[in-house]
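Naming: A, B, ... by sequence-line order, numbering from 1 per chain. All of these numbers come straight from a predicted model, not from anything done at the bench.
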Protein chains: 2
Amino acid sequence: MGEEIRYCPVEKALAVISGKWKPYIFRYLTGQTKRFGELQRALPHVTRKTLTQQLREMEEDGVVIRKVYPQVPPKVEYSLSDYGKTLIPVMSSLSSWGQVHSKRDNHARDNQPDG
Amino acid sequence: MGEEIRYCPVEKALAVISGKWKPYIFRYLTGQTKRFGELQRALPHVTRKTLTQQLREMEEDGVVIRKVYPQVPPKVEYSLSDYGKTLIPVMSSLSSWGQVHSKRDNHARDNQPDG
DNA sequence: CAGGATCCTAAACGATACTG
DNA sequence: CAGTATCGTTTAGGATCCTG
C-alpha cells in the first residue's frame with residue numbers, strides 16, 4: 001500500500017489513511033492508548049489478521065506506535081505518534097465533509113433540493 | 001467503489017476521492033473545464049478505459065459534470081460540479097499534509113534529523 | 001475524438017486454523 | 001493475549017483491440 005513513491009501530495013496522504021479500517025483505528029486511537037484486544041472489540045467485523053496488518057502498516061508509516069510489554073500473557077498497546085497526530089486535522093476535514101454530505105448517498109445525484 | 005453504505009463519514013469522503021487518478025483529475029479540473037483528450041494528455045500513464053472509469057465514478061458520485069456535445073467528432077467536457085467543489089478544502093487539507101510531510105517517505109521511520 | 005468490450009494481474013481483505 | 005500461516009475471493013486497474 002506504499003510500494004511506489006508518491007509524487008502527488010494528496011496521494012501520499014491518502015496512502016497513509018487508506019485501508020478499510022484505518023479511519024476507525026485512527027479515530028479510536030485519537031487521544032487514547034488502546035490494547036490490541038480493545039481495538040478488536042471496538043471493531044467486531046475485522047479479523048485479527050487484518051487488524052494486525054492495518055496496524056503494522058500504520059506503524060510502518062510512522063503514524064502509530066506499538067508498545068510491547070514483554071510479559072505473559074502478552075500486552076501490546078497502540079497509540080498515535082506525534083507524527084500521526086498531525087493527521088488529526090486532515091481526518092477532521094474528511095469527517096466533516098462526510099457528515100455534511102451524508103444525506104447524499106451513493107445514488108441521489110440529480111438535483112436534490114435540501115429535502 | 002461505493003457498493004455498500006458508508007457509516008463512517010471519513011470512509012464516505014474517502015470513497016469519493018479514492019481512486020488511483022482521482023486526485024489528479026480533481027486538481028486538473030479545479031477551476032477549469034477540460035476535454036477528455038486534455039485529461040488524457042495531462043495524465044499520460046492512465047489508459048482510456050481507466051480514465052473513463054474514474055470519471056464515470058466521479059460523475060456517479062456527483063462531483064464531476066460530464067457534458068457531451070452531440071457532434072462528429074465527439075466532444076466531451078468535464079468539470080467540477082458545485083458539489084464537487086465542496087471537496088476542494090478537503091483536497092487542500094490532504095495536499096498540504098502531503099507536502100509538509102513529503103520528506104518522510106516510505107521508509108525513514110526512525111528519528112531522522114533534518115539531514 | 002471519446003469511448004466500449006474483453007481478458008488478465010496484483011493486491012486487499014476475509015475465513016480458518018495454529019502458536020508462544 | 002496477541003499474534004502468524006495458509007488459502008480463497010473480490011476488485012482496481014492495466015493491456016489490447018474494436019467502434020460510432
Open item on the list: Between C1' on D:dA2 and CD on A:Gln54, what's the gap in Å once rounded to a whole number?
Closed with: 17 Å
Open item on the list: Distance check needed: C:dA5 P versus B:Lys49 NZ, whole Å only.
Closed with: 12 Å
TODO: Check the distance between D:dG14's C1' and B:His45's NE2 and give it to me in whole angstrom.
DONE: 13 Å
Open item on the list: I want to confirm an ordering. Mapping A:Thr50 and A:Pro73 to their closest nucleotides on DNA chain C, which one lands closer to the 5' end?
Closed with: A:Thr50
Open item on the list: Any side-chain N or O of A:Arg35 below 4.0 angstrom from OP1/OP2 of D:dA2?
Closed with: yes
Open item on the list: How many whole angstroms separate atom CE of A:Met58 from atom P of C:dA12?
Closed with: 15 Å
Open item on the list: Side-chain N or O of B:Arg66 versus OP1/OP2 of C:dG3: is the shortest distance under 4.0 Å?
Closed with: yes
- [ ] Pick base, sugar-phosphate or nothing for A:Tyr69, based on heavy-atom distances below 4.0 Å to the nucleic acid.
- [x] nothing
Task: Euclidean distance, atom CD of residue A:Gln40 to atom P of D:dA2 [Å, nearest integer] - done: 8 Å
Task: Between C1' of D:dG13 and CG of B:Leu51, the distance in whole Å - done: 12 Å
TODO: Identify whether A:Val63 and A:Val68 are in the same connected component of the hydrophobic contact network (ILVMFWY, side-chain heavy atoms under 4.5 Å).
DONE: yes
Task: d(CG, A:Leu39; C1', D:dA2) in whole Å - done: 12 Å
Open item on the list: For a quick check under 3.5 Å, do B:Ser95 and B:Ser92 share a side-chain donor-acceptor pair by atom type?
Closed with: no
TODO: Say whether, by atom type as modelled, one donor and one acceptor occur between the side chain of B:Ser96 and the main chain of B:Ser93 under 3.5 angstrom.
DONE: yes
Open item on the list: For D:dT4 and A:Arg56 - does any side-chain N or O of the residue sit under 4.0 Å from the phosphate oxygens OP1/OP2?
Closed with: yes
Open item on the list: Can you classify the ring geometry of B:Trp97 versus A:Tyr83 as parallel (below 30°), tilted (30 to 60°) or perpendicular (above 60°)?
Closed with: tilted
- [ ] Starting at atom NZ of B:Lys75, determine the distance to atom P of C:dC1, rounded to an integer number of angstrom.
- [x] 13 Å
TODO: Using a cut-off of strictly less than 4.0 Å, decide whether A:Tyr78 has a side-chain nitrogen or oxygen near OP1 or OP2 of D:dG3.
DONE: yes
Open item on the list: Taking the cut-offs as 6.0 angstrom to the six-membered ring centre and 45 degrees off its axis, would you call B:Lys34 and B:Tyr78 a cation-pi pair?
Closed with: no
Open item on the list: So, does B:Arg48 get its side chain near the phosphate of C:dG4, meaning an N or O under 4.0 Å from OP1 or OP2?
Closed with: no
TODO: Among C:dA2, D:dT4, D:dG14, find the nucleotide with the atom closest to the side chain of B:Lys20.
DONE: D:dG14
TODO: Just compare D:dG14, C:dC13, C:dA2 and give me whichever is closest to any side-chain atom of B:Val76.
DONE: C:dA2
